[in-house]
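Here is the structure we will look at.
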Amino acid sequence: MIKHESKLEFCAKVMQWFEANKRDLPFRKDKDPYRVWLSEILLQQTQMGTGIKYYKKFIKKFPKIEKLAKAKEETIYSIWKGLGYYNRAKNLHKTAQEIVNNYQGVFPNDYNDLLSLPGIGKYTASAISSICFNSKRYVIDANVYRVLSRYLGINKKINQSKSYKYFENLSKELAKGIKNTGAYNEAIMDFGSMICKPKNPKCDICIIRKTCFSYINNTQEKYPLKEVVKKRKVRYFNYFVIQNENYYLIQKRYNNDIWKNLFEFYLIEDKNIQNAKNVFQSTINLHKNVISHKETIQEVSQLSHLKIHVSFHGCFIKKKRDFSLIEKLFKLKKIKKQKTKNLGFPKVIDNYLKYKT
DNA sequence: CAGTCGTGGGA
DNA sequence: TTCCCAAGACT
C-alpha cells in the first residue's frame, strides 16, 4: 500500500534537495544535445568519476559531432580503451554519422527518433529528450529503481524486464505535476547516487525519510529486490605472444563473443595450459619453425558474468622467414611494438603490454 | 526476453 | 580476497 501523502511529497522534496545540492558536472553547463548524449553513453553502467574522465578525453578530441563522425573507428576504440562494453564505442560512431548524414548534424528532439539511433535505448532517449527538449519522459535507471523501491517498499524484482513498465508508470504518476521533467530526472539520479546509495545510504541527512517506507521499517538493505545471480562461467585463455624484435603478431576478435572488435594475440582456449602449449608447439613444429618460449604470465580477469584465467606465453621468432610463415599460418597481422597503444585491446592485454614496455 | 556485454570503485 | 554495483543496450 502506498500512502497518498508520501507520493505527493516525494518529487517536490527531491527537487528541492537537488536545487541545493546538485553536482557541478561538465556536461551540465549547457544543454547541448551532443554533450548530453555523449555523457549519457559514457555513463551507461559506469560510475560518475570514471565517466567524467572519459568524457573529457572525448570532448577534447571531438568538440563537435562532425569530428566524431569523421574519425577512424580505431581512433575511437583507442580512446574508449579500458571503459568496457565496447559495442557502445561502435554505436557512438554510427550515431554520430547518422546525425551528420541524416539530420544535418542536429540532434532530433523527438523521443522515438532518438530511440531509433544506435546505442540509444529507452533510458538515453528519455534523458536526452527531457533534459535538452523538456519532453515528459522519465528515466528508469539503477538509481530510480533503488530510490522508488526503498521509498515506497516496492516488491518487484528490478532485473526482470517486465518491471520496467511498472516503474515507468509509477514515475509518471509521481511526477505528474512536475514541469521540468529533465530537472526531475537529474534530481532523482543525483539523489540516488549521493543520498540513497546502494550501500550505507545517508538516511541521517535524508529529507524524505519521514515518509520513506524503508526508513520506517528498516528495510534499506532489502530493497531493491533482485533475482538471485547465477554463478559465473569460467573460461581459460592462453595467449601466445608471437613476436620478433620489432613486431607482434595479433588478430582481431569477431563473432558474438566477449571483446568483439578488439585485438588480441594468438589464442588457444583450454583449461589446461600445458595442453594449449602442446597444441601450439605441435602446429609450429609441423612447419619446422624455431621458436623459443620465454616466460609465462598468468592473470585472472573478473567480469560481471564470467571469470577468465589468462596466460601469456612469450614466443620469440628469430628468422624473418619463419615469422612471416607463422603470420600466414595463423592468419595473424603484424604490428610494430611501439604502435600497440594506438589499438583497442582488452584490459588484461593492455596491462600485459604496459608491463612489457 | 533472458542472456550477454567490461571495468573500476568500494565495502 | 571476494563480492556487489554502476546515468543500459542489444539480440
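Naming convention: chains lettered A, B, ... in sequence-line order (proteins, then strands); numbering from 1 in each chain.
Within the structure, a side-chain polar atom (N or O) of A:Gln45 is placed less than 4.0 Å from OP1 or OP2 of C:dG8. Contact check, A:Tyr86 against B:dT7: a side-chain N or O comes under 4.0 Å of OP1 or OP2. For B:dT4, neither phosphate oxygen OP1 nor OP2 lies less than 4.0 angstrom from any side-chain nitrogen or oxygen of A:Trp259. For the OP1/OP2 pair of C:dA7 and a distance below 4.0 Å, the side-chain nitrogens and oxygens of A:Asn143 include at least one atom meeting the criterion. Checking the phosphate oxygens (OP1, OP2) of C:dG8, no side-chain nitrogen or oxygen of A:Lys122 falls inside 4.0 Å. Within the structure, a side-chain polar atom (N or O) of A:Lys226 is placed less than 4.0 Å from OP1 or OP2 of C:dC5.
Nucleotides B:dC5 and B:dC1, compared at atom C1', are 16 Å apart to the nearest Å. Of the P atoms belonging to C:dA7 and B:dA11, the separation is 14 Å, rounded to the nearest Å.
Residue order along DNA chain C, read from the 5' end via each residue's closest nucleotide, puts A:Gly192 first among A:Leu115 and A:Gly192. Nearest-nucleotide mapping onto DNA chain B: of A:Arg88 and A:Lys199, the residue sitting toward the 5' end is A:Arg88. Each of A:Lys162 and A:Leu262 has a nearest nucleotide on DNA chain B; the 5'-most of these lies closest to A:Lys162.
Across all strands, A:Ile120 comes closer than 4.0 Å only to sugar-phosphate atoms, never to a base (heavy-atom distances). Contact annotation for A:Ala142: backbone-only contact, meaning every heavy-atom pair under 4.0 Å involves sugar-phosphate atoms and none involves a base. Across all strands shown, A:Arg235 has no heavy atoms under 4.0 Å from either base or sugar-phosphate atoms. Among the atoms of the strands shown, none is found under 4.0 Å from any heavy atom of A:Tyr54. Residue contacts shown for A:Asn185 are absent, as no nucleic acid heavy atom lies under 4.0 Å away. If you check every strand for non-hydrogen atoms under 4.0 Å, A:Thr124 touches sugar and phosphate atoms only. The residue A:Ile258 sits close only to the backbone: its heavy atoms come under 4.0 Å of sugar-phosphate atoms, none of a base. Base contact: A:Leu25 has a heavy atom under 4.0 Å from a base atom.
You'll find the ring centres of A:Tyr55 and A:Phe27 inside the 6.0 Å limit. Close placement of the A:Trp37 and A:Phe107 rings is indicated, their centers lying within 6.0 Å of each other. Remark: aromatic rings of A:Phe167 and A:Tyr145 are close, center separation under 6.0 Å.
For A:Met48, the side-chain atoms get nearest to C:dA7 when compared with the rest of B:dG6, C:dA7, B:dG8. Side chain of A:Asn91, nearest nucleotide from C:dC10, C:dA7, C:dA6: C:dC10. In the set C:dA6, C:dG8, B:dG9, the nucleotide with an atom closest to the side chain of A:Thr50 is B:dG9. Distances from the side chain of A:Asp257 to the nucleotides B:dC5, B:dT7, C:dA7 place B:dC5 closest.
Between the side chains of A:Ser78 and A:Asn342, not a single donor N or O lies within less than 3.5 Å of an accepting N or O. Side chains of A:Thr181 and A:Ser130: no donor on one and acceptor on the other come within 3.5 Å. Side-chain contact check for A:Ser311 and A:His309: no donor-acceptor pair (N or O, by modelled atom type) lies under 3.5 Å.
The interatomic distance linking A:Phe27 (CZ) with C:dA7 (P) rounds to 11 Å, in whole Å. Taking atom OH of residue A:Tyr77 and atom C1' of nucleotide B:dT7, one finds them 16 Å apart after rounding to whole Å. Atom-to-atom, CG of A:Asn159 to C1' of B:dG3 comes out at 12 Å; the value is rounded to the nearest Å. Between A:Tyr164 atom OH and C:dA9 atom P there is a gap of 8 Å when expressed in whole angstrom units. When the P atom of B:dG8 is taken as reference, atom OH of A:Tyr85 falls 13 Å away, rounded to whole Å. C:dG8 atom C1' lies 12 Å from atom CD1 of A:Ile140, rounded to whole Å. When rounded to the nearest whole Å, the span between NZ of A:Lys90 and C1' of C:dA9 equals 15 Å. Taking atom NZ on A:Lys81 and atom C1' on B:dG8, their separation rounds to 17 Å, with Å as the unit.
Within a 6.0 Å sphere centred on NZ of A:Lys197, heavy atoms belonging to other residues, nucleotides or ligands number more than 12.
Not a single donor-acceptor pair, N or O on each side, falls under 3.5 Å between the base of C:dG8 and the side chain of A:Tyr123.
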